[in-house]
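Below: the structure, in structure tokens.
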Amino acid sequence: MATAAETEIAVIGAGVVGQSIALRLAEAGHQVLAIAPEDPGDGASYGNAGVIADDAVLPVGTPDVLRRLPALLLDRMSPLAIRRAALPTLAPWLIRFAWQSLPGQARRNAQAIAALLAGSADGWRRLAADIGAADLLRQSGSLYLYDSAAALRRARSELEWRKVHGVRVELLTAAELGQLEPGLPVGVAEGAAYFPDTLSVIDPGRMLDRLGAAAAAAGAG
């Protein structure tokens with residue numbers, strides 16, 4: 001195991017990204033040391049939903065978001081809130097965000113995100129197999145629920161965008177959703193988008209433990 005004095009490569013961070021990098025570098029014969037301010041597994045790699053969201057190819061800024069921006073700013077229950085005092089500082093960023101939300105830019109951004117996510121599920125399968133953690137992966141799919149007819153209508157164009165980039169998705173009615181997930185309260189959604197290929201890590205903490213053990217066994221410190 002590499003010590004600080006012997007380190008050829010230092011990896012900053014010991015979450016899933018840092019440990020994965022350390023593992024592959026150590027396997028390639030490098031002297032590697034992972035550096036983190038907390039114990040591995042105490043950060044975001046532990047406290048997350050464990051979803052390999054390769055369907056998330058849409059950028060935050062889209063024409064639909066741009067159209068709804070005034071309503072989002074005025075709605076007290078909106079996820080978007082901007083302090084008036086911060087507007088002068090944020091104005092340049094907001095202008096760039098609006099520009100990147102136009103149709104042409106949004107399509108280009110979706111292509112870039114899709115390229116980044118391509119093969120992520122297969123990559124996770126290979127990594128899990130290499131570190132003896134295939135039992136921690138499951139392909140149970142994922143659901144996006146829409147609580148109103150308007151939200152469901154808006155979703156159709158976004159789902160078409162995803163299909164263009166190779167994402168498999170099925171639009172479910174409320175009745176079909178109830179059949180798939182009978183434990184959901186009746187009337188909780190007008191419909192849903194079902195992504196059957198989505199992978200999940202059933203226990204991110206255990207996955208990180210096995211990843212760290214594999215990196216250490218390969219010689220990473």
Side-chain angles (χ1 to χ4, degrees), residues 9-30 32-34 36 40-62 106-145 155-172 176-177 180-181 192-220:
I9 301 172
V11 177
I12 308 301
V16 67
V17 174
Q19 294 280 23
S20 298
I21 292 171
L23 169 63
R24 296 312 190 199
L25 287 172
E27 288 176 336
H30 296 286
V32 185
L33 183 68
D42 285 350
S45 291
Y46 174 81
N48 65 82
V51 177
I52 314 304
D54 54 358
D55 57 86
V57 297
L58 293 187
V60 175
T62 65
R107 282 193 295 269
R108 183 196 64 200
N109 293 336
Q111 291 170 355
I113 296 170
L116 287 172
L117 293 176
S120 57
D122 288 339
W124 262 101
R125 289 188 180 96
R126 289 193 298 271
L127 176 62
D130 289 347
I131 65 174
D135 60 305
L136 298 180
L137 282 184
R138 67 180 179 189
Q139 184 177 327
S140 54
S142 61
L143 285 166
Y144 288 13
L145 305 188
R156 292 180 185 276
S157 62
E158 294 182 352
L159 297 180
E160 289 303 317
W161 278 38
R162 286 183 164 91
K163 289 179 181 178
V164 166
H165 294 292
V167 176
R168 278 210 309 151
V169 57
E170 303 169 20
L171 194 60
L172 306 181
E176 291 168 334
L177 173 62
L180 184 64
E181 291 290 345
Y194 174 50
F195 299 89
D197 297 329
T198 302
L199 282 180
S200 296
V201 178
I202 62 175
D203 189 328
R206 287 172 62 197
M207 177 67 79
L208 194 59
D209 288 343
R210 295 191 196 180
L211 182 56

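Starting from 1, each residue takes its place in the sequence as its number.
Taking each heavy atom of Val11 and Leu25 in turn, the nearest pair found is CG2-CD1, 4.2 Å. Ser200 approaches Val51 most closely through the heavy-atom pair OG-CG2, 4.3 Å. The heavy-atom pair separating Glu170 from Pro196 by the smallest distance is OE2-CG, 4.1 Å. Closest heavy-atom contact between Pro59 and Ala106: CG-O, 3.8 Å. Shortest non-hydrogen contact noted between Ala121 and Asp54 is CB-OD2, 3.6 Å. Between Asn48 and Pro204 the shortest heavy-atom distance is O-CG, 3.8 Å.
Between the side chain of Arg210 and the main chain of Gly132, a donor-acceptor pair closer than 3.5 Å is present.
Surrounding CZ of Arg108 are more than 12 heavy atoms belonging to other residues, nucleotides or ligands, all under 6.0 Å away.
Between Asp197 atom CG and Arg168 atom CZ the span is 4.0 Å, to the nearest 0.5 Å. Atom-to-atom distance recorded for Leu137:CG and Trp124:CH2 is 7.0 Å, nearest 0.5 angstrom. The OH atom of Tyr194 sits 14.0 Å away from the CG atom of Leu171 when rounded to the nearest 0.5 Å.
Under a 4.0 Å N-O distance rule, the pair Arg206/Asp209 does not qualify as a salt bridge.
The side-chain heavy atoms of Ile52 and Val201, taken from C-beta on, include a pair separated by under 4.5 Å. The shortest side-chain heavy-atom distance between Ile9 and Ile21 does not fall under the 4.5 Å cut-off.
Every pair passing salt bridge (Lys or Arg N to Asp or Glu O under 4.0 Å) that includes a residue from residues 10-26 is listed here, sequence neighbours excluded: Arg24-Glu27, Arg24-Asp130.
With respect to Met207, the side-chain contact (heavy atoms from CB on, under 4.5 Å) criterion is satisfied by exactly one of Ile131, Leu127, Val16: Ile131.
Partners of Ser142 according to the side-chain hydrogen bond (donor to acceptor under 3.5 Å, both in side chains) rule, which considers only residues two or more places apart in sequence or in another chain, are Thr198.
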Donor-acceptor contacts under 3.5 Å from residues 155-166 side chains, at least two apart:
unit_1: Ser157; atom_1: OG; unit_2: Arg154; atom_2: O; d: 3.2
unit_1: Arg162; atom_1: NE; unit_2: Asp55; atom_2: O; d: 2.9

